[in-house]
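What follows is one structure encoded as structure tokens, with my remarks underneath.
Note that these values count all heavy atoms, side chains included, but never hydrogens, waters or copies made by symmetry.
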Amino acid sequence: TTATTTTTTPPQLTTSTSDTPPFRFIRATKGDIKAAKVRWQKTKDWRQQMGMDTILKQPHPQLNLIKANYPHYFHLRGKNNEPCYYEAPPKMNIKAMREAGISMDDMLRHYALCCEFMWTVIEPSE
């Protein structure tokens with residue numbers, strides 16, 4: 001028998017230049033199109049500022065250190081087919097991460113990376 005390996009490229013956020021926000025933004029503002037457009041623009045600006053459209057392709061030199069000192073992981077799906085993400089903040093070894101030079105900004109970027117992974121790889125939608 002022959003083994004085959006399939007690789008996939010994670011989907012990217014649609015950074016449409018259209019004036020129409022994605023439906024989830026309209027739903028979040030209870031149908032207020034003007035508010036949805038404002039939220040969508042702020043989201044696009046934040047994503048640009050944070051480099052979110054390329055964060056999964058960028059090196060993450062602190063990954064192993066953060067994973068060793070901050071228990072968190074994705075694990076299968078819940079009863080309603082939602083992705084499950086677990087973390088154990090009380091078990092974090094903050095001292096070790098600080099001593100290694102991990103800053104709060106590094107931790108926030110890591111969290112943003114985890115969210116981007118979930119919404120583009122595990123649960124891509126809209």
Side-chain angles (χ1 to χ4, degrees):
T1 60
T2 308
T4 7
T5 304
T6 304
T7 58
T8 59
T9 303
Q12 298 298 308
L13 174 75
T14 305
T15 51
S16 171
T17 56
S18 166
D19 201 27
T20 305
F23 181 69
R24 66 183 176 274
F25 285 79
I26 298 168
R27 185 176 52 235
T29 58
K30 296 181 171 65
D32 184 336
I33 301 295
K34 185 176 179 181
K37 287 179 181 181
V38 169
R39 282 185 176 200
W40 176 230
Q41 187 59 52
K42 286 182 179 182
T43 297
K44 292 191 298 183
D45 293 346
W46 176 84
R47 289 185 64 84
Q48 175 68 33
Q49 176 187 16
M50 296 298 293
M52 295 305 294
D53 291 333
T54 59
I55 196 169
L56 297 178
K57 296 177 183 178
Q58 295 171 9
H60 188 358
Q62 302 102 343
L63 179 64
N64 290 333
L65 181 65
I66 291 172
K67 287 186 70 65
N69 291 286
Y70 169 39
H72 64 293
Y73 55 93
F74 294 98
H75 181 70
L76 303 176
R77 294 195 172 261
K79 290 180 182 178
N80 297 316
N81 199 35
E82 70 278 13
C84 293
Y85 176 74
Y86 296 94
E87 55 186 353
K91 294 183 179 180
M92 289 176 70
N93 188 344
I94 295 171
K95 182 180 178 187
M97 288 191 287
R98 280 190 183 144
E99 288 173 355
I102 302 293
S103 68
M104 183 57 70
D105 285 343
D106 294 329
M107 291 300 294
L108 290 171
R109 183 146 180 89
H110 177 77
Y111 184 76
L113 179 138
C114 289
C115 290
E116 187 69 9
F117 181 80
M118 180 168 63
W119 295 117
T120 59
V121 178
I122 295 174
E123 186 69 15
S125 63
E126 284 193 46

Smallest separation among heavy atoms of Cys84 and Gly78, with atom names: SG-N, 3.3 Å
Value rounded to 0.5 Å, distance of CG in Leu108 from CG in Leu113: 12.5 Å
Salt bridge (charged side-chain N to carboxylate O under 4.0 Å, His left out) partners for Lys42, two or more places apart: none
Nearest-0.5 Å distance that lies between atom CD1 in Ile26 and atom NZ in Lys37: 9.0 Å
Verdict with supporting geometry, Gln58 and Thr54, side chain to side chain donor-acceptor pair (under 3.5 Å): CA-CA 6 Å; Gln58 295 171 9; Thr54 59; 2.8 Å; yes
Set of side-chain contact (heavy atoms from CB on, under 4.5 Å) partners for Ala28, sequence neighbours left out: Arg39
For Lys67, all residues meeting side chain to side chain donor-acceptor pair (under 3.5 Å), sequence neighbours excluded: none
By side-chain contact (heavy atoms from CB on, under 4.5 Å) - contacts of Gln41 (at least two apart): Lys44, Asp45
Interatomic distance, Met118 atom CE to Ile122 atom CD1 [nearest 0.5 angstrom]: 7.5 Å
Residue pairs involving residues 70-80 (criterion salt bridge (Lys or Arg N to Asp or Glu O under 4.0 Å); sequence neighbours excluded): Arg77-Glu123
Pairs flagged by salt bridge (Lys or Arg N to Asp or Glu O under 4.0 Å) wherever residues 103-113 is involved - sequence neighbours left out: none
Spatial distance of atom OH (Tyr111) from atom CD (Glu87) [nearest 0.5 Å]: 6.0 Å
pair Thr29-Val38: side-chain heavy atoms closer than 4.5 Å: no
Ala96 versus Asn69, closest heavy-atom pair with distance: CB-OD1, 3.5 Å
Pairing residues for Ile66 by the side-chain contact (heavy atoms from CB on, under 4.5 Å) criterion, not counting sequence neighbours: His60, Gln62, Tyr70, His72, Met97, Ile102, Met107, His110
Set of ring pair (Phe, Tyr, Trp, His ring centres under 6.0 Å) partners for Tyr85, sequence neighbours left out: Phe74
Validation row: Phe25, Pro22 side chains within 4.5 angstrom (heavy atoms): yes
Residues in side-chain contact (heavy atoms from CB on, under 4.5 Å) contact with Lys30, at least two apart in sequence or another chain: none
Atom pair CG (Asn93) and NZ (Lys91), whose distance is rounded to the nearest 0.5 Å: 13.0 Å
Cluster overlap Leu63 with Ile94, hydrophobic side-chain contacts below 4.5 Å: no
ILVMFWY cluster membership beyond Tyr73 - transitive side-chain contacts under 4.5 angstrom: Tyr86
